Amino acid sequence: MKLSLRAALAGVAAAGVALGVAELVAVFTGPLSSPLFAVGGVVVNNVPAPVKDAGIAIFGTHDKTALITGTAILLAVYAALLGVLALRSRTVAATGIALFAVIGVVAALTRNDAGLLAALPTLVSAGAAFFALRYLLGAAVSAEPAAVGASPSAYREDGRRRFLIGLGTAAGIAAVGGVGGRLLTSRRAVTSARNAVVLPAASAAAPVPAGAQVAGATPYVTSNKNFYRIDTALYLPQVDPSTWELRIHGMVRNPITITWEQLLQRPMVQRYITLACVSNEVGGDLIGNALWLGTPIKDLLDEAQPLPDADQVVQRSSDGWNCGTPTAVLRDGRDALLAVGMNGEPLPVRHGFPVRMVVPGLYGYVSACKWITEIELTRFSDFDAYWVPRGWSALGPIKTESRIDTPRDGAERKAGPVTVAGVAWAQHRGITKVEVQVDDGPWAAATLAPVVSVDTWVQWSYSWPATAGEHTLRVRATDKDGQTQTSTPAPPAPDGATGWHSVQVTVG
Ligand SMILES: Nc1nc2c(c(=O)[nH]1)N[C@H]1C(S)=C(S)[C@@H](COP(=O)(O)O)O[C@H]1N2
Ligand SMILES: [Mo]
C-alpha cells in the first residue's frame with residue numbers, strides 16, 4: 001500500500017473517530033449539537049429553494065437520508081485530502097481540523113435554542129480527530145521502508161500491524177460511538193414520556209358514517225403508520241411534555257403561557273380532519289385523514305385578545321421552524337385544533353409530539369406547526385414565515401382536487417364493468433360533485449360516499465363499462481362554492497398544484 005493511500009485512510013479514520021466521539025458527547029448535550037446533524041440542519045435551512053425542491057423531487061421523502069449521506073461523503077473526501085496533506089505539514093492538518101471545528105461549532109450554536117454546551121461535541125471531536133490523525137499518520141509512516149540505510153523488514157511489519165490495528169480501533173470507535181450514541185439518545189428521548197401520556201377525555205367526534213369507505217379507494221381514515229410526513233427536521237425534535245410550554249404573545253392584550261398540565265385540562269374535542277401538503281403533485285399521496293384530539297385554538301386566542309390589526313398568527317416549533325396563519329381563519333369558528341392526539345394515541349413524535357396545530361382548509365406549511373411552543377400575533381406585512389422567502393405563497397388555502405386510486409396507472413382490466421374509485425377534497429368547503437371522463441367522452445357523475453364533515457376528503461366511485469383497448473380515465477371535482485377543478489396543470493409552487501389526475505388502463 002502506498003504511503004499516500006495510507007495517509008488518506010488515516011484521515012478518513014480520524015474523521016470517523018471524530019463523528020463517533022461527537023455522537024457520544026451529543027448524548028449529553030442534545031442530538032442537534034452533533035456536528036453532522038447541526039451542519040445538515042444549516043444546509044436544509046439555507047439551500048436555495050430550487051435545489052431543495054430538486055432534492056425533494058429526486059429523493060422524495062428520503063431527502064434527509066440523502067443529505068446526511070452526502071454530508072458524510074463530503075467530509076470523508078475532505079478528511080482523506082487532509083490526511084495526505086498532513087504528511088507534509090502538521091500545521092495544515094491542525095488548520096484543517098480547526099476549520100472543521102469552526103464550521104461545526106457555528107452550526108451547532110446557531111441552531112434554535114442552542115446553549116454554549118452545544119459546541120462541546122464538535123470541540124471534543126476535533127481534539128479526538130487531531131490525536132487520532134497524529135497517531136495513525138505516525139503508524140502509516142513507520143510502515144514505510146526507511147529511505148536511507150537498512151531498515152529491517154521486521155520493523156516494517158511491525159509498523160504495518162500498528163497501522164492496521166490503529167485503523168481497526170478507529171473504525172470501532174466510529175461505529176460504537178455513532179451507533180451507541182444514537183441509541184442512547186433515542187433512549188433518553190421522549191418515547192417513554194409519550195408512552196406515559198394518558199389522553200384526556202373529549203367530546204366525541206361525529207362518527208364515520210357507514211359507507212364512507214369505498215372499495216378500492218385509499219382508507220377513509222389514514223393510520224398513523226401510513227400518514228405522510230413532511231418537515232424540515234433532520235432529527236425529530238424531542239420535546240418533553242413535562243417542560244413543554246406554549247407562549248401566546250406579540251400583538252395581544254393578554255399574553256398567555258400554558259403548560260402541558262394546563263393544556264390537558266382545557267375542553268377537548270375530537271375531529272376528523274384531512275391534512276394536505278402544498279407539495280402534493282396531482283395524483284400524489286401527501287395527504288391523509290386522521291381523528292385529531294385537541295382543544296380549539298379559537299378559545300385560547302380569544303383569551304389572549306389579539307389587537308385588531310394583528311392579521312397573522314405565527315406558530316413556532318421547538319426547532320425554530322415557523323408558519324403564518326391568518327388570524328381570521330383561526331377565529332372563524334372552524335375546528336382549528338391545538339392537537340395532542342392522533343387516531344386515539346398521543347401524537348407520534350414524527351407528527352409533532354407533544355402538541356401541534358391542525359387547521360381544516362389550509363395546507364400544512366401555513367397552518368400545521370408540529371412540536372409547537374410559541375404563538376406570536378403579528379402582521380403579514382411585518383413578518384414572512386419560513387416558506388415565504390423560499391418562494392411559497394404567504395396564504396395557503398387548499399385547492400379543490402381529486403385522485404383516482406383504482407385502477408392504478410398502467411393497470412390491466414377485463415372488458416365489462418370496472419370499478420373506478422378514489423378520493424376528492426376541498427377541506428372546509430366540501431365537495432358536491434365528482435366526475436369521470438373516459439378518453440375524450442362526456443363527463444359522467446361518480447357516486448359520492450357520505451362523509452363526517454366538509455373538513456375531510458370524500459370517497460367516490462364510478463362503474464365503468466370498459467371496452468377492449470387502451471383508455472385514459474380522468475377525474476375532476478367541484479366544491480360547494482361551485483368551483484370545478486381547473487384542467488390547467490400547475491406545479492406545487494407557489495400555492496398548490498392544479499390539473500386533472502388521469503390514469504391509463506389497458507382493457508383486454
Ligand atoms: N415544526 C414543523 N412543523 C411542520 C413542518 C415543519 O417543517 N416543521 N412542515 C409542515 C408541512 S409543510 C406539512 S404538509 C405538515 C405535515 O404534517 P405531517 O408530517 O404530520 O403529515 O406539517 C407542517 N408542520
Ligand atoms: Mo407541506
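Values in this document were obtained by computation on a predicted structure and should not be read as measured data. Order of listing sets the numbers, starting from 1, for every ligand and every atom in it.
Asp382 is linked by a salt bridge (charged side-chain N to carboxylate O under 4.0 Å, His left out) to Arg379, counting only residues two or more places apart in sequence or in another chain. Qualifying salt bridge (charged side-chain N to carboxylate O under 4.0 Å, His left out) partners for Glu401, counting only residues two or more places apart in sequence or in other chains: none. Every side-chain hydrogen bond (donor to acceptor under 3.5 Å, both in side chains) that Gln504 has, sequence neighbours left out, goes to Thr472.
Arg316 forms a cation-pi arrangement with Phe383, by the criterion of a distance under 6.0 Å to the ring centre and an angle within 45° of the ring axis.
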In a simple table, one pair per line, please give the protein and ligand 1 atom names for every N or O pair closer than 3.5 Å, along with the distance.
unit_1, atom_1, unit_2, atom_2, d
ligand 1, 1 (N), Ser317, OG, 3.1
ligand 1, 1 (N), Lys370, O, 3.1
ligand 1, 3 (N), Lys370, N, 3.0
ligand 1, 7 (O), Thr232, N, 2.9
ligand 1, 7 (O), Trp321, NE1, 3.4
ligand 1, 9 (N), Ile230, O, 3.3
ligand 1, 17 (O), Arg356, NH2, 3.1
ligand 1, 19 (O), Ile230, N, 3.0
ligand 1, 19 (O), Lys370, NZ, 2.5
ligand 1, 20 (O), His351, ND1, 2.6
ligand 1, 20 (O), Arg356, NH1, 2.7
ligand 1, 21 (O), Tyr228, O, 2.6
ligand 1, 24 (N), Ala368, O, 2.9

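Here the options are Ile258, Thr257, Leu263, Val355, the test is side chain to side chain contact (heavy atoms under 4.5 Å, CB included), and the partner is Leu246; only Ile258 passes.
A distance-only check finds no donor-acceptor pair linking the side chain of Arg429 to the backbone of Asp481 [under 3.5 Å].
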